[in-house]
Each structure stands twice: as structure tokens, then as C-alpha cells.
Protein chains: 2
Amino acid sequence: MSHDLDIVDKLISLMSSGKYNAHDRLPSENEIADTYEVPRITARKAYERLEEMGYIYKKQGKGSYVKDRYQQIELVLTGDVSFSQKMIEKGYDFQSKTIFCQEIKYNKKIYNYLETTKEDKIFKVGRLRYIDRQPIALHVSYLAKSVFEDIDDVGRDITSMFQYYHSKGYTQFDSKPSVLSVSFPTASQRTLFNCPHLIPLLVLESGCMDKKTGKVLEYLKIYYRSDCFSYVLC
Amino acid sequence: MSHDLDIVDKLISLMSSGKYNAHDRLPSENEIADTYEVPRITARKAYERLEEMGYIYKKQGKGSYVKDRYQQIELVLTGDVSFSQKMIEKGYDFQSKTIFCQEIKYNKKIYNYLETTKEDKIFKVGRLRYIDRQPIALHVSYLAKSVFEDIDDVGRDITSMFQYYHSKGYTQFDSKPSVLSVSFPTASQRTLFNCPHLIPLLVLESGCMDKKTGKVLEYLKIYYRSDCFSYVLC
DNA sequence: CACAGCCAACTTGGCAACAAGTTATGCTCA
DNA sequence: TGAGCATAACTTGTTGCCAAGTTGGCTGTG
């Protein structure tokens, strides 16, 4: 017991065990250094990590405090029902905001996925999802202009993707296989989510097809703050 | 562009874009400090973070180098087929080692899940999974002694859980709903996985029931190194 | 020329001293 | 007595210096 990561573990277990509660003041860096018999710099590093992991916040001249962790929202990972509908059904204070709609430069993977050619244009539509006014998920939909002619005009006004599909005459859908992975937020994602760097994001890649024709309508990438959710598979 | 996290982002994008490849030597801390016009301590912090995220390794007196990232193994998240079978079918160099089998102290959640009482004993069986000799997943099975009388004797010899079930007369199974979450490894998990602290773990909680009687046989918790896998949902 | 050894110029690692911010106490003065 | 200000004792934040490790080139010697 001497490395800073050991102290991180220790403090996390003390916080989750209830020894320290939300907004409690933690021991000062010097106290930590004394109790664990390490130089202050080690105690300090431990606190810096905890801050980046979203467990604590610090106030210069005052001390370090336990952060209020977000509630764990149960999220069912299936493609059939829209995200907003799921959230509203569960009774959450849900909001959604479309934050961008812009053309992307050529990208082999996405163009192949949408079964389109280099001559086509593809737009990405970003929608930020809020629960209790906190941004907790980012949906990025990639749509081809050859399929959705007016996407560059109306993209920023889309609130529900399914509604938009309906207005284009697509009424029944198949979901393509979903791929899950974990990543860390980039600078812009950190800004959007207003979150520390070391909060991992759960990334869900999927797609949507028209059931009748089999045409690929959308390539979808969803980024979830992993500290806000637990995910239920069926 | 001045914070250490911005430099982390920048370097990650340079590495993934192919500007720096595996085992390439990265600019020294001082060079980073000069190019981004920050004090060396900032450059240093950025490198420390990258090291803990598993992107780079450092050699004192020599420099910092790009780490060989693990291949992404596609893992299908369904409870029907055993983990080892899936891996072997895909042609991976797969190994499994049972590393512990011990009684746990009373824990309400697990006891309830296994539908047993405080008088019962519950054992946890830990199996570490290797691919290409690298530990990449930890399976922890919780089994009740009332269901598996000889678990404390033979627990350490179990290689396949399904085989063990068969030997007890259970032949057909139902999988309970799976819950997914993300966490960071504890000290012991870090030792087992031989990994830096900031590699997130994907945690899959599930259970196994006997199809005929509906009896809950097992509470299962699987920890996957998130940097080794991409997960496919069906 | 060949080779051994030394030294200088890099690298990362660690730490101590100082800076800045906050608070509480106690002193001064009306 | 009471209000206000100075100060001391904490807190976290920052920086710069030196130690330790590695490399490669230069130099002296056979």
C-alpha cells in the first residue's frame, strides 16, 4: 500500500461504502500523505485521478469534496423503440436538442454501410439527450442525401427520427446488428457532456433499414455517459 | 489548446491516424512542451495519462513509445453458448484458468438473486480467460452449496460450467436478463489483468436457470477488458 | 586504425519550496 | 462592548531544480 492507485482504490471503496457521503469534505492532501506514509505529491495525484474520474471536486484553499454521483438509469438496449420514448415511458424529465447537421467528408466505412457511392453526400445529425437537464447521451445519425433529399434543409429541425422516416413514407423498420464498445470522450464530447475526461463512454453503433425494401436508411452512433446508465440486454 | 487533456486528445488522434505507429518513439516531454507552449509538467501529465490509458509506455532516460494496442475481438453477447466455445470457434488461441473458489460472506443482493437464505453458503468461482496468453476476461460464478453440494471440493477443478451442470443432471438452461455496466479495475483486478488502472472494464451481470424447474443455478459476473473487445448485440 | 573508457547531452523521475486562496482567530481602536 | 482589520494557519496549485538512467560521440591509448 503505497502507490497512488492504491489510495484511489481505498478512497473509492470508502466513498461507495458510505464512509464519505456526497459533499463531505475529504482529508487534506497532507493528512492523506501522513496516514498512508507517502509524499504529498502521491496523495495529490490520487486526488487528481479521483477528480478526473468524477468522484470528487476540489476548492483551492478549502479542500476536496465528494461529488454527487448520478443516478443509474436503466436503459434497455434494443433498437425497436426510440430512445426518447423509452425515457418518457420511464417517467424521466427528458429533453432532446438537435445540435448540428452538417455534411461529412468521404469516409469509406460509413459510405459502405449506407451502400452509397463517393458521389453521394452524407450528412450527420447530432442530437443531445438530457435527463434532469443533464446531457447524458449523444445520438449521431448519418443519412444520405440520395435517400433524404431535403436533409440539409430540415436536418436541424428533426426531433424524432422515426417521425421523419414516416414523413418520407418509411413505416416499418429492421435494425441492423449493434456493435458495442467503450471509449473516452474527445474534447468536443467533453464540452457537450460537461464531464471530466476519464468518464468512459459506451458507444453503440447500429443501423436502420426499411423493412419492405431492405434499403439502409441510417447509420447511427450513440454515445452514452457510462456513469449515468446501467444497460439491460434482452 | 493549452490544457493537458487537449494534448492527450491530440496525441491519441495522431496515434490512431497513423502518424505514430506501434513502438515509435514519441517526442520528448520537453519537445511537447515547446510545440504546445506549455510548461513541461503539463506535457508530462499528458504522457502519464496516456500511459495509464494504455496508449504508450515510457523508459527512463530514453523516451516514450507507442504501445501495441490489442486486437479488437468481436464478442457476441448472448448467454446461450459458453465463452470458451465462442472463442475456440473463432479460432483464437484460448486458455482458461480457475484461480479461486472460496466462500463469500453474506451479501443480500447475491443471496436474493440465488433465491437462498442466510443459512446457506455461497461460493464464488473465479476463472481467468486468456487469448494469446493475455488475460482478457474474468468470470466470477456464484453458486449455492445447497444446489451444488460438492462445490467447495471440486470448485477449483471446474473448467466448463456447463459440463459441471450436466454432471449434476441439469441439461437445459434459461438465461436471466443481462445487465451491462462500466467500471474501473480494482487493485486485484489490475494484478489479474496485468493492466493499467484507467482501462475501463465492461461488466456483464447475468444468471443461469434450469429450464425444467426454473431453479436459479448461478449468478454470473463477467469483467471484460474494454480495450480488447468490441461487442456485438443480436 | 581499433578499441576502451569517459563524459556530455539528452531522456524521464521525484521532490521541496513557494504561490495563491480561504478561514478563523485575536488584536486594535472607537 | 463591538466592529473591523491584520495575521496566522490551514487548504490546494505551480514551478523549477536536481537526481537517475541511457545513449552516443569524443578522446586517449595500444
Side-chain angles (χ1 to χ4, degrees), chain A residues 1-12 14-15 19-68 190 195-198, chain B residues 1-12 14-15 19-68 190 194-199:
Chain A
M1 172 69 88
S2 62
H3 210 296
D4 55 342
L5 296 185
D6 296 315
I7 298 175
V8 169
D9 285 340
K10 184 72 187 168
L11 289 169
I12 288 178
L14 286 176
M15 283 186 283
K19 173 78 187 295
Y20 300 118
N21 293 108
H23 306 296
D24 279 1
R25 190 173 165 285
L26 290 161
S28 76
E29 293 172 357
N30 283 313
E31 285 171 326
I32 292 287
D34 288 346
T35 46
Y36 295 101
E37 292 177 337
V38 292
R40 178 168 87 98
I41 200 76
T42 305
R44 185 169 173 70
K45 275 186 187 172
Y47 271 7
E48 280 177 352
R49 284 207 171 89
L50 286 168
E51 187 178 28
E52 300 217 321
M53 291 167 80
Y55 280 96
I56 69 170
Y57 59 93
K58 303 199 271 186
K59 288 184 187 173
Q60 186 178 152
K62 295 188 73 173
S64 305
Y65 300 82
V66 179
K67 208 167 172 177
D68 221 353
R190 254 177 290 143
C195 77
H197 190 232
L198 298 179
Chain B
M1 172 67 88
S2 62
H3 211 296
D4 55 342
L5 296 185
D6 296 316
I7 297 175
V8 169
D9 286 339
K10 184 71 185 167
L11 288 170
I12 288 179
L14 286 177
M15 283 186 283
K19 174 79 187 297
Y20 299 119
N21 293 108
H23 307 296
D24 279 1
R25 191 173 164 285
L26 291 160
S28 78
E29 292 172 359
N30 282 314
E31 284 171 325
I32 292 288
D34 288 345
T35 46
Y36 296 103
E37 293 177 336
V38 292
R40 179 168 86 98
I41 198 75
T42 304
R44 184 170 173 70
K45 275 186 187 170
Y47 271 7
E48 280 176 353
R49 266 179 200 112
L50 286 169
E51 187 178 28
E52 299 218 322
M53 291 166 82
Y55 281 96
I56 68 170
Y57 59 93
K58 304 199 270 185
K59 287 183 187 174
Q60 187 177 153
K62 294 189 70 175
S64 304
Y65 299 83
V66 178
K67 208 168 173 176
D68 221 351
R190 253 178 290 143
N194 186 29
C195 78
H197 191 230
L198 300 179
I199 296 289

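Sequence lines set the chain letters: A, B, ... in the order given, protein chains first and strands last, and positions in each chain run from 1.
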Check your understanding: Between CD of Glu48(A) and NZ of Lys58(A), what distance do you get to the nearest 0.5 Å?
Key -> 5.0 Å

**Study point:** Whole-Å gap separating C1' (dA19(C)) and CD1 (Ile41(B))
**Key:** 15 Å

Check your understanding: What are the two closest heavy atoms between Asp24(A) and Lys19(A), and how far apart are they?
Key -> OD2-O, 4.3 Å

Check your understanding: Which pair of heavy atoms, one from Tyr47(A) and one from Pro27(A), lies closest together, and at what distance?
Key -> OH-O, 2.6 Å

Point to revise | Arg190(B) side, atom CZ; Ile199(B) side, atom CD1 - distance, nearest 0.5 Å | key: 12.0 Å

Practice item. Give me the bend of the helix from dC1(C)-dG30(D) to dA30(C)-dT1(D), using the axes of the five pairs at each end, rounded to 10°. Key: 40°

Revision key, fill the gap. Here the pair of heavy atoms bringing Ile32(A) nearest to Thr35(A) is O-OG1, 3.1 Å

Exercise for review: Starting at CZ of Arg49(A), measure out to CD1 of Ile12(A) and round the result to the nearest 0.5 Å.
Suggested key: 11.5 Å

Review point. So which heavy atom on Glu52(A) is nearest to which on Pro196(A), and how close?
Key: O-CB, 3.1 Å

Exercise for review: Taking all non-hydrogen atoms of both residues into account, name the closest pair between Ile56(A) and Ser64(A) and its distance.
Suggested key: CD1-CB, 4.3 Å

Check your understanding: Nearest of dG14(C), dA17(C), dT22(C) to any side-chain atom of Arg40(A)?
Key -> dA17(C)

Exercise for review: With a 4.0 angstrom cut-off to heavy atoms of chain B, pull out the first and last contacting nucleotide of DNA chain D, in 5'-to-3' order.
Suggested key: dT15(D) to dT23(D)

Exercise for review: Rounded to the nearest angstrom, tell me the gap between atom CG in Asp4(A) and atom C1' in dG13(C).
Suggested key: 13 Å

Check your understanding: Which distance, rounded to the nearest 0.5 Å, do you find between the CG of Leu11(B) and the CE of Met15(B)?
Key -> 6.0 Å

Check your understanding: Checking side chain to side chain contact (heavy atoms under 4.5 Å, CB included) against Arg40(A), which of Glu29(A), Glu31(A), Lys45(A) comes through?
Key -> Glu29(A)

**Study point:** Separation of atom CD in Glu29(B) from atom P in dG14(C), rounded to whole Å
**Key:** 11 Å

Review point. Hey, does the side chain of Lys59(B) come within less than 4.0 Å of dT11(C)'s phosphate (OP1/OP2), counting only N and O?
Key: no

Heteroatom pairs (N/O) under 3.5 angstrom, protein to nucleotides 4-10 of chain C:
none

Revision key, fill the gap. In short, Tyr36(A) meets Lys10(A) closest at the heavy-atom pair OH-CG, 3.1 Å

